[in-house]
Every structure is written in structure tokens, then in C-alpha cells.
Amino acid sequence: MSTTTDTTAAVSHPRGRQRLGDRIFSGGATAAGITILVLLAGVATFLLIEAWPAITAPAEDIPGGEGLFRFILPLAFATVVSALIGLVVAVPFAIAIALFITHYAPRRLAQSMGYLIDLLAAVPSIVYGLWGVSVLAPASLGVLQWLEGNVGFLPFFEGPVSSTGRTMLVAGVVLAVMILPIITAITREVFLQTPKAHKEAAYALGATRWEMIRMAVLPFGRSAMISGSMLGLGRALGETMAVTIILSASGASIFNLGLISSASNPTIAANIALDFPELSGISVNALIASGLVLFAITLAVNMAARVVINRRREFTGAA
Amino acid sequence: MRERATERERRYEVERDGREPEDERGREAGTTDARTPLVGGSLPRWGPWAVFSGVTAAVAGVLSVLGFNVALLAVASVVLTGAIIYGWARAVEGRRKATDRAITIAVSSAFALALTPLISLLFTVTSRGLARFDVQLFTESMRGVLGEGGGIQHAIVGTLVITGVATAASVPIGIMAAIYLHEYGRGRLKRALTFFVDVMTGIPSIVAGLFAYALFVLIYGPGIRLGVMGAVALSVLMIPIVVRSTEEMLRVVPNGLREASYALGVPKWRTIVKVVLPTSFAGIVSGAMIAVARIIGETAPLLITTGVFNSVNFNPFDGRMENLAVFAYNEYATPGIPNEPYIDRAWAAALTLLLIVMILFFVARLISARFGVKTR
């Protein structure tokens, strides 16, 4: 394409006006691109500016009274735990769904399933949150009690069981439902791109459908599964409303391993959403500092995921 | 991979040899025995379904004695069916086919299980939302309303204004950036932009909200809440989505069209404006609509930038606003006494929001299916 560009430039046009139009247009396009980079840099910069007072403030001014690090750490811990629960639950299902859509479902059905999955990614998080707290939480009580009764010796499943079901485990499961579409979308895309020759070679050797999938589809889609999971993890780390509504607890400053008791720490995002409207002064700066930490975590996860995707792209030459 | 395949194949031969040595030898020698089956045994087509319905009936019978539970019924019958089919297939068809059948059952039931929350979600939102889904909901705001009554007019206005401003800012920037990436970009800037747009799609929405707050607080001082702040936050979330989808659409414009235009001596920018953009117009519009659908239900960033407000406010530069999602959250999180009217309004707002998202989504799909570039 760049070669054609060069030829147009070389054609003996009366230069002047076209060149000006071209310059303005390409300048505008480039400016828009740079705006985006500036915006991203701006996010980091302004968060840092507003977080700075909390970073430099004496420890006793920070909510909890033990300094910024002790304020953020339990929140970050809860964030990672809830996101990991979501990831562990979601990934097997997402891969199963992607496989089902690409290799098991009838073709007509498969396309509408693809649309359905895309639609799910657009369902507002507040709807998931309301659903989680009013349907899933009460429905989970039986399972939570069973967990306490049978595997209660594990620190994660220590009692007393929450009486409302509004626990870390339920929040994690709702997160799983929410990140399912994104992981599915990415893995499905790549499963569809599996070279036909690989699949037919497997079938020609007499492989059953599962053996074909294991020999051709899964190895081809491995990096997509990894990067899709990481993008899902990034989404789960930053997801706010579902966790806010379900846990509805703020400002805990102790580590809490329990997944099924009602005393759960909120995640960073949920804590901000709950406390931000109420607070003022240095506490707001502390919340922004916690947001900065969240930003850094998700940025790292997303960048890693993109590096994995891009490496595969170079490797296979896929678009 | 080929290595592995042949290796598997060899192992399979050995296995089969071990099991039916006479048959194999007979076939090799060319003396086809009348008893030698040319096709392996296979389960009847109706087998899995028959087993499934039989098992379900049996489990239902047992559960009706022990205490009925739909979830337990589903799980128990699927697991039992899987086990029975595996055993049967293993006896009739051999290990590999049995594994294949087991995996098929596992994948299909995982799919069904994953659909359950979605169906439950749609059902819950619809049934609970309908309680207050009336005319009053759309004609009144919450101004001065305590307890029953009231509506979401102010929230609808807020949603339209905030989303509208965000869209007006994001779509041009997004489209121009995509044009840069696909038509002009080269070198390091292009690579950096591609990478960071991808990374930007993963910014948590609450962080976008904090950014907008941090930006405006420098101008207006602490505690500021404005509609336009929400729009800025939403733009951060929306721009990367628009860039991605637009770039995708520019990619499907056939290069022959561009070259034909260049051959006529049309400059590049006019080629883009008159040929490339019109060709991909439907796709770009539908991409933008899906981007709107993705951000219209955002709660967290607006909770901390536009705040909570009970009256209609059309001006994004003056005072608080509220969108549907924040309204739903607020009604749910801080209800009055008695709390039923508040909870009902929250569900009605959630239903409205879900309907808006679905309509946007399907119209977008329709546009791209109807007017889009035919890729194949």
C-alpha cells in the first residue's frame, strides 16, 4: 500500500492544493493518534499529582492510621484474590464455550452464539451486581454451608458462614460470569483461525474429534488462551460495581483469607466507589493513590497479555 | 506435532494388535475372515439421549424422596450420564472414542452451565424490573420524591447528555486515530499507538473516573462534580474501543478501491474521505454504536465524577448529573424506609438500561449486516 502512496506522490500533479489538503488531513490523523498517547500519559500523571499528598503525608493521617502502604495492601490483596477466583472459574468455561461454538455446535447456531457472547460483554456491570446480590448470593448459601461443613479446615473456608451469601467467593463467581465473554471472544477468534490443513491432517490420521482438538486446535490457540485469560484478569481486577454491591464493606485493614464469611475486605475499586463520595481531604488523596496502584497492576497485566498476543502474531503471520 | 501424531498412531496400532491379533494378521495376509468386522462397533445414535433421559428420570425419582433441588438434579444427571456413556462406549467402541464422547458431554454441559447465569440474569432483571416499568417512570424525575412514585426522567436525560458528550468527543478522535494507524502510520509511533490503544482497552473504569476527577480538581478545587467530568472519564474508556473497531473496518476495504482512486489521480486524503470512509461507513457506525453500548451503563466512574442528583439537568457544565446506572446503584445502596419502592425503581432502571444496550447492539448488528462491506 505504501508503494501506491509513493506513486501518487510521484505523479506530476499540479502540487499546491492537494499537497496542502493531504498535509492537513494526515496532520489531523496524526494529532488524533498523539492525543490518545497524551491521554494515557495524562491518566498516569494526574493520578500521580493527586495521589502525591497522600504519598508524602504522615502515616497517622491516612485512613486506618498506619500509613498508605498498610492502607492499600489489604485492598490490593482482596483485589487479587477476587480476580483470581474469577479467573480460575471463568477460564475452563470460556475455553469450553469457545470450543463448543467453534467445533461442536451446528454452524447456524454457532454464529448467533457468537453474537450472544458479544452482547454479554456489553451488559452493564450494575446489572451483574444486582443479579449477584439478589439471586446468586441467596442461592449460594447451601454450597457455602456445605463448604464450611466439609472443607472448613482449610483457611479459605473457615466459618462462620455469612448469612446473606454476600461473600468473596460469590463476588469472585460474579466476576467470572462477567469476564467469561472477553476470554471466550478472544479464544474463539483464534480457534476459528486454526489452519484447516492441521485439522484435516489430524482427521486423516484417524483422530477422533477430541484428539484433533488436542493435536491441532489447542496448540495453535495456546497463546490466545493465555492472553485472553490475562485480559480477563485485567478486567476482573478493575471491575468495580459487582464487588461493591455484593460485598458492600469498606475500609477493612486486616488480612482476611476467608472466602465464605461475611467479613471480607473490599477490593481497591470497590473501596473507592464506596468511600469516594463520602470522603474529603487527605482521604480522597489516599483513595486516588490506591487507584494508582490498581492502574499500575492492570497496566502490567494488560501489557503482558498484549506482548504475548503480538509475539504470536509475528510468529504465525496471522493478521 | 506430526511427530506426536505418528507416535500416537503407533501406540494405537500396538494396542489394537494386542487386543485382536488374529484379525490383524488375517487382514494382512489377505485372507479376509467372514467374522472380521470392517467397521468397529458403535453406539446407536439415540444412545446418549436415551441414557440422559433415563438417568434424569431416575435421579428425579430419587430426589423427590430426598427433597427436590433443580441444580442437584441437573448436575447429578449430567455426571451420571457421562459416566454411563463413557463405560458403554468403552465397552463397545474402545477407549479413544469413549474419551471423545466424554469430552463432548463435558464441553456441551459446560456450555449449558455457563448459559444458566445469563438466562437467570435476563429473567431476573425482566421480572423484577416490570414491577415499576410504567409510564410514570419515564415522565417524572425524582425531584422531591420520598417513598413511592417518582421516575427516571432525570437519569435518562443525564445518560443522554453524558453519553452524548463522551461520544461527540471520542468518535472523531477515535476515527481519526484509526485512519492514522491504518492509512498513514508507520514506524515507531504506529507501533506505540497500536500497543497502547490495546492496553488502554483494559483501563479499569474506576481509574478513568479518578483521572477525570484528578484533572478537574486542579481547575475547580476539591469536591467538584460535573456532567462533563463524567464525559471525560467515559471518553477514556470509549476511544480505544472506537479505534479498534474502526481500524478493523478500514482493513476490510479492498485495496483495489484505493488503487483505482489513486490511478485517477485523486490525492490520498480525498481517496480516504470519498472512497475509503464511505465504503466502511456502515461498519464504523455500528462499531461506534457498540462502543456507546459498552459505556452507557458505566457506573463506577460516574459515581465519583457526576455524583448523584434528583432533578433534570441538561447542562453538563453546571452541577451534578446522574445516569441510569448510578441511579440504579444509588436507589439500591441507600434506600429509604420502606425500601420496596426504592428497590423496585432500581430494577426498573436496570431493565431500561439493559433494553437500551440491547437495542443499540442489535441495531448496530443490523446496520453492519445490511450495509457493511461483504468480506466473503
Side-chain angles (χ1 to χ4, degrees), chain A residues 1 4-5 8 11 13 18 21-22 25-26 28-30 32-33 35-37 39-40 43 46-47 49-50 93 96-97 99-100 104 119-120 122 124-127 130-131 135 177 180 205 208-210 215 219 231 234 238 240-241 269 272-273 276-277 280 288 291 294-295 298-299 302-303 306, chain B residues 1 5 9 96-97 99-100 103 107-108 110-111 114 117-118 120-121 124-125 173 176-177 179-180 184 193 195-200 202 204-207 210-211 214-215 217 222-223 236 239 255 259 262 265 267-269 293-294 297 299-300 303-304 325 328-329 332 350 353-354 357 361 365:
Chain A
M1 199 171 39
T4 46
T5 322
T8 19
V11 169
H13 258 298
Q18 280 98 344
D22 254 346
F25 197 74
S26 72
T30 316
T35 310
I36 293 179
L37 291 182
L39 197 62
L40 193 62
V43 172
F46 284 105
L47 286 184
I49 292 176
E50 278 304 302
F93 279 107
I97 294 176
L99 278 181
F100 185 83
Y104 286 87
L119 173 63
L120 287 175
S125 55
I126 179 92
V127 176
L130 288 175
W131 172 78
V135 177
V177 176
L180 203 56
L205 290 172
T208 60
R209 181 154 48 182
W210 165 241
M215 292 191 293
L231 291 183
T240 315
M241 293 324 289
I272 295 172
F276 198 93
S280 60
I288 293 179
L294 177 65
F295 180 57
T298 51
L299 209 60
N302 280 310
M303 281 166 88
R306 289 300 168 184
Chain B
M1 200 172 60
E9 201 64 7
R96 294 167 59 230
K97 287 220 168 134
T99 313
D100 186 50
I103 298 278
V107 166
S108 313
F111 178 75
L118 306 172
S120 159
L121 182 132
T124 315
V125 175
I173 294 182
M176 284 307 272
I179 289 175
Y180 168 76
Y184 288 104
L193 192 56
F195 183 75
F196 281 111
V197 164
D198 281 338
V199 168
M200 216 170 148
S205 60
I206 189 102
V207 170
L210 286 177
F211 157 68
L215 179 65
V217 89
V236 173
I239 288 173
N255 251 343
E259 281 157 10
Y262 293 149
K268 187 167 187 176
W269 74 276
R294 291 277 286 275
T299 321
L303 201 58
I304 60 177
Y329 171 69
Y332 184 85
L353 193 57
L354 196 61
V357 168
F361 195 85
R365 281 288 173 208

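All values reported here derive from a predicted model rather than from experimental measurement. Labels below follow one simple rule: chain letters A, B, ... track the order of the sequence lines, proteins then strands, and each chain is numbered from 1.
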Given a strict heavy-atom distance threshold of 4.5 Å, which part of [X] is in contact with chain A: side chain, backbone, both, or neither?
X: B:Y184; result: side chain
X: B:F361; result: side chain
X: B:I239; result: side chain
X: B:L210; result: both
X: B:V199; result: both
X: B:S108; result: both

Residue pair [X] / [Y], side-chain heavy-atom distance below 4.5 Å:
X: A:V43; Y: B:V207; result: yes
X: A:L180; Y: A:F93; result: yes
X: A:F25; Y: B:M176; result: yes

Select, from [options], the one with the greatest count of heavy-atom pairs under 4.5 Å involving chain A.
options: B:V357, B:L121, B:T299, B:V107; result: B:L121
options: B:A110, B:P222, B:A293; result: B:A110
options: B:I304, B:T99, B:I179; result: B:I304

Discussion item. On a heavy-atom basis, which atom in A:I126 and which in B:G297 lie closest, and how many Å separate them?
Written reply: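 Reported closest heavy-atom pair: CG2-O, 4.3 Å.
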Discussion item. If you compare all heavy atoms of A:T240 against all heavy atoms of A:A269, which two are closest, and at what distance to 0.1 Å?
Written reply: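 In terms of heavy atoms, the two residues are closest at CG2-O, 3.3 Å.
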Discussion item. Using only atom types and a distance under 3.5 Å, with no angle test, would you say the side chain of B:D100 pairs donor to acceptor with the backbone of A:T208?
Written reply: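 No, because the side chain of B:D100 does not come within donor-acceptor range (under 3.5 Å) of the backbone of A:T208.
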Worksheet item: Listed by chain and number, what are the side chain to side chain donor-acceptor pair (under 3.5 Å) partners of A:T298, not counting sequence neighbours?
Response: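 Testing A:T298 for side chain to side chain donor-acceptor pair (under 3.5 Å), a comparison that skips the adjacent residues, returns none.
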